[in-house]
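The analysis underlying the following values was restricted to heavy atoms, covering all of them including side chains, and did not include hydrogens, waters or symmetry mates.
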Amino acid sequence: MKDFKKFCKQNKYVIIILCIFIILTVLLAQIVNVFFPTKGEAIYGNRLDGIEKVKIPSQKYETIEHELGSEEFVEKAKAELKGRLINVTVTLKDEASKDQARSLPNKVLEQLDEKQKKYYDIQVFLKKTNDDASFPIIAYKHHQKEQFSFTKDR
């Protein structure tokens, strides 16, 4: 015990510096955990688990775009997947009515099978190239719902 006390007295500055270094290392580790909590995990976490079982082939997006584009009042359509959300953007011609536009989201549903409808959320953006007070219209379907909900008052 005397040797230990003697060692501590002779090396007290080294021991103090060592303790400060250990404390700073622990604090730095805590700060890194606060600013980088995921440490390289995927952006979506585990929300995309099982997506391989309900995969949508790229031809399906082309079919959706073709079906929507075949309407005489549609200028162009674009469909893409973002995680578990299918985004469809439809640009309408100036003469398109609000009722015609509101019928388009159901055409997207016709192209998907039941498993896909129950797994993916679907969001359809309906817009015009000109300024129209009734547009843009956004139609959204949650994977647990049967129908689309639309932007209020449109």
Pairwise side-chain contact, Ile86 with Gln123, heavy-atom cut-off 4.5 Å (strictly under): no
Do other residues, nucleotides or ligands put more than 12 heavy atoms under 6.0 Å from the CD atom of Gln147? no
Heavy atoms of Lys55 and Gln116 approach each other most closely as O-NE2, 3.5 Å
Could you check if a side-chain atom of Phe21 sits within less than 4.5 angstrom of a side-chain atom of Ile16, using non-hydrogen atoms only? no
Looking only at the side chains, is there a donor atom on one of Glu80 and Asn87 sitting less than 3.5 Å from an acceptor on the other? no
Smallest heavy-atom separation, Tyr61 atom then Leu81 atom, equals OH-CB, 3.2 Å
Contacts of Asp99 meeting side-chain contact (heavy atoms from CB on, under 4.5 Å) (sequence neighbours excluded), chain-then-number -> Ser97
If I take atom CD1 from residue Ile137 and atom NZ from residue Lys127, how far apart are they, to the nearest 0.5 angstrom? 13.5 Å
Taking atom NE2 of His66 as the centre, does the number of heavy atoms from other residues, nucleotides or ligands within less than 6.0 Å exceed 12? no
Donor-acceptor pair, distance only, cut-off 3.5 Å: does the side chain of Lys93 make one with the backbone of Glu72? yes
Can you tell me how far apart NE2 (His142) and CG (Leu85) are? Round to the nearest 0.5 Å. 10.5 Å
Give a yes or no on whether the backbone of Ala79 and the side-chain of Glu65 come within a donor-acceptor separation of less than 3.5 Å. yes
dist Ile64:CD1 -> Leu109:CG (nearest 0.5 Å) comes out at 9.0 Å
If I take atom NZ from residue Lys5 and atom SG from residue Cys8, how far apart are they, to the nearest 0.5 angstrom? 10.0 Å
Testing the basics here: between Leu92 and Ala101, what is the closest heavy-atom pair and its distance to 0.1 Å? CD1-CB, 3.5 Å
Any chain of hydrophobic side-chain contacts (each under 4.5 Å) joining Phe125 to Leu112? no
Is the shortest side-chain N to carboxylate O distance from Glu71 to Lys107 below 4.0 Å? yes
Closest heavy-atom pair, Leu68 versus Leu104, reported as atoms and distance to 0.1 Å, is CD2-O, 3.7 Å
Write down the atom of Tyr120, the atom of His143, and the distance for their closest heavy-atom approach. O-CB, 3.5 Å
When rounded to the nearest 0.5 angstrom, what distance separates CG in Asn11 from CG in Leu18? 11.0 Å
Do any N or O atoms from the side chain of Ser149 and from the backbone of Tyr140 form a donor-acceptor pair under 3.5 angstrom? yes
Heavy-atom donor-acceptor pair, Arg84 side chain to Asp121 backbone, under 3.5 Å: no
Distance check, rounded to the nearest 0.5 Å: Ile138 atom CD1 versus Thr151 atom OG1? 5.0 Å
Do Phe148 and Val124 have side chains that get closer than 4.5 Å, going by heavy atoms? yes
Has Glu110 got more than 12 heavy atoms of other residues, nucleotides or ligands less than 6.0 Å from its CD? yes
side-chain hydrogen bond (donor to acceptor under 3.5 Å, both in side chains) partners for Asp94, two or more places apart: Thr129
Are Glu114 and Lys117 within salt-bridge range, i.e. N to O under 4.0 Å? yes
Okay, side chain of Thr91, backbone of Lys128: is any donor-acceptor separation there less than 3.5 Å? no
Do you know the tightest heavy-atom contact between Phe135 and Leu126? CD2-O, 3.6 Å
Any residue meeting side-chain hydrogen bond (donor to acceptor under 3.5 Å, both in side chains) with Lys60, in chain and number order, not counting sequence neighbours: none
Are the side chain of Lys98 and the backbone N or O of Arg102 linked by a donor-acceptor pair below 3.5 Å? no
